[in-house]
Amino acid sequence: MKLTTRLVQAGNKTDPVTGAVSTPIHHSATFAHPALGKSTGFDYSRSLNPTRKVLEDAIANLEGGVRGFAFATGMAAVTTLFLLFQPGDHLLVSDDLYGGTYRLLEQVFAGYGLEVTYVNTSDVDAVNSALQANTKGLFIETPTNPLMKISPLPELIRFASEHQLISIVDNTFMTPYLQRPIELGADLVIHSASKYLGGHNDLIAGLVVAKTDELAERVYFLQNSIGAILGPQDCWLLLRGMKTLALRMEKHQQNAQKIAQWLTVQPAIAKVYFPGLLTHEGRDVQLKQAAGFGGMVSFELQTADQVPVLLESVNLITFAESLGGVESLITYPARQTHFDIPEEIRERIGVTSRLLRLSVGIEDADDLIDDLSQALEQVQRRTSK
Ligand SMILES: *Cc1c(COP(=O)(O)O)cnc(C)c1O
């Protein structure tokens, strides 16, 4: 069946006793054993919980992998995957990276001997040159956050398998509706489900999908050993959000395309980053490996002192961290999501102090444009010399 149908049907009729259309929330820490050596398949909820299993099966099915895993947060999922590696191992990681993942590598895993090279993964030659004898993994974000750089997944995954690296794709920005890295050969996919999959700015969660049984065994061992699992209530809430993913993504990207095009002709805007723009580098690569451009638009103002004025002036759009929910949010990466990346590195890779990131919601696009338009007028009025 088509992905849209599988999304909507996730969790439907999972309870043969009652026929419940909405999957039941199993708030049980432990499960009775019928007899010694016999089990219902459930023993203890850290190891497996019936509501979590419905969610984990759903995400595995959507991404085309063998098994899914639900975690308390996206960072818990990323942490669990980094623990697949050993002290002394080296990872190649996209240089324009979610700030929390950068912080985790630099301030936590560095202390446990994990070596990292940040590399522009949109350039396969650059990735190749950064390979070391001890390289064991490749971690890719595409499109990147917040610069929307596109990395060629088939080429990178081929490179990883040639060198026996575990390839991991953070698919948060695209969701399986638009991009399925495992179908392109990736070993593992991770999501911050707090974003588009949840979709309503009402929950924090992480998901992982493994391509092979061997990797699934290793991830399961870590999930059960570390225990950073998602609780049953949030598993249900996430499943409930995912049902409308197809409709939401269509509207997100339709609005984003319209707003990005409008932004490009505003005199107050210095630069617009959106893969759906004809001028966006990597647009052709995106068209080959994904079914759309997503709902994230970044743009640069002329000067850094215009940023606070714009953030104060938006009314409909909320100034807040995060992305992927139905409500439009605007974020200042330099001070929020990417604050832990040193300024000099930030500016060099392009996450400047003039850059703002817009998570385009599913409101009426014209209302969003009106809000940005009046905010940009304030910017012009209050900062023009
Ligand atoms: C938000 C985010 C994360 C972290 O997820 P949490 O659910 O906030 O822990 C990881 N990667 C990307 C791309 C994100 O946007």
Side-chain angles (χ1 to χ4, degrees), residues 55 59 63 68-83 91 93-109 116 118 121 138-151 153 168-179 181 186 188-209 223 226 228-231 234-235 237-238 241-242 249 252 256 273 275 290 294-298 320-325 329-333 336-341 349 351 355-361:
L55 170 65
I59 192 64
E63 288 284 5
F69 304 91
F71 295 90
T73 69
M75 290 321 298
V78 175
T79 300
T80 303
L81 291 192
F82 286 157
L83 287 163
L91 305 185
V93 176
S94 294
D95 62 357
D96 180 21
L97 184 69
Y98 178 70
T101 306
Y102 177 84
R103 176 176 59 197
L104 178 70
L105 286 167
E106 288 301 296
Q107 298 185 31
V108 181
F109 278 100
V116 180
Y118 302 95
T121 47
L138 173 64
F139 187 96
I140 309 161
E141 268 184 43
T142 182
T144 58
N145 174 10
L147 295 174
M148 314 309 258
K149 282 200 288 196
I150 311 299
S151 295
L153 287 174
I168 305 172
V169 179
D170 183 334
N171 205 26
T172 301
F173 269 39
M174 287 284 99
T175 81
Y177 182 67
L178 295 179
Q179 176 171 280
L188 293 158
V189 164
I190 111 106
H191 284 279
S192 169
S194 323
K195 316 294 169 57
Y196 286 106
L197 289 170
H200 296 75
N201 290 320
D202 55 10
L203 103 130
I204 298 290
L207 294 172
V208 165
V209 179
Q223 183 195 38
I226 296 161
I229 49 138
L230 191 63
D234 281 346
C235 288
L237 192 56
L238 178 49
M242 281 162 58
M249 288 314 284
H252 279 298
Y273 299 90
M296 299 301 296
V297 177
S298 295
E321 270 175 72
S322 201
L323 63 104
L329 303 182
I330 193 162
T331 307
Y332 186 27
Q336 296 177 290
T337 51
H338 291 60
F339 186 66
D340 286 300
I341 300 179
I349 63 175
V351 187
L355 187 80
L356 289 162
R357 189 190 75 187
L358 192 60
S359 172
V360 180

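When reading the values below, keep in mind they use all heavy atoms of this one structure, side chains included, and skip hydrogens, waters and symmetry mates. Whatever order the structure lists them in is the order used to number ligands and atoms, beginning at 1. In this text, all values refer to a predicted model and were calculated from it rather than measured experimentally. Residue numbers run from 1 in the order of the sequence given.
For atom 10 (C) of ligand 1, the nearest protein heavy atom (residue, atom name, distance) is Tyr98 CD2, 3.5 Å. Of the protein's heavy atoms, Asp170 OD2, 3.4 Å lies nearest to atom 12 (C) of ligand 1. From the protein, the heavy atom lying nearest to atom 15 (O) of ligand 1 is Lys195 NZ, 2.7 Å. In terms of protein heavy-atom proximity, atom 7 (O) of ligand 1 is nearest to Ser194 OG, 2.6 Å.
Using 4.0 Å as the threshold, Ala205 has a heavy atom nearer than that to some atom of ligand 1.
Considering backbone and side-chain atoms together, Met75 places an N or O closer than 3.5 Å to an N or O of ligand 1. Of the polar atoms of Ser192, at least one N or O is found under 3.5 Å from an N or O of ligand 1, judged by distance alone. Considering backbone and side-chain atoms together, Thr101 places no N or O closer than 3.5 Å to any N or O of ligand 1.
Looking at His338, its side chain does come within 3.5 Å of a backbone N or O of Asn145 through a donor-acceptor pair. Side-chain atoms of Glu141 come within 3.5 Å of backbone N or O of Tyr98 as a donor-acceptor pair.
Each of Leu207, Ile168, Thr101, Val169 was scored for a side chain to side chain contact (heavy atoms under 4.5 Å, CB included) with Ile190, with one residue passing: Ile168.
Using a 4.5 Å heavy-atom cutoff, the side chains of Tyr332 and Leu356 are in contact.
Thr142 and Ser151 share no side-chain donor-acceptor pair at under 3.5 Å.
Within ligand 1, counting atoms from 1 as listed, the ones closer than 4.0 Å to a heavy atom of Gly74 are 5 (O), 6 (P), 7 (O), 9 (O).
Expressed to the nearest 0.5 Å, how far OH of Tyr102 lies from CG of Asp95 amounts to 10.5 Å.
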Would Asp340 and Gln107 count as a side chain to side chain contact (heavy atoms under 4.5 Å, CB included) here? Give the steps.
CA-CA 10 Å; Asp340 286 300; Gln107 298 185 31; 4.2 Å; yes

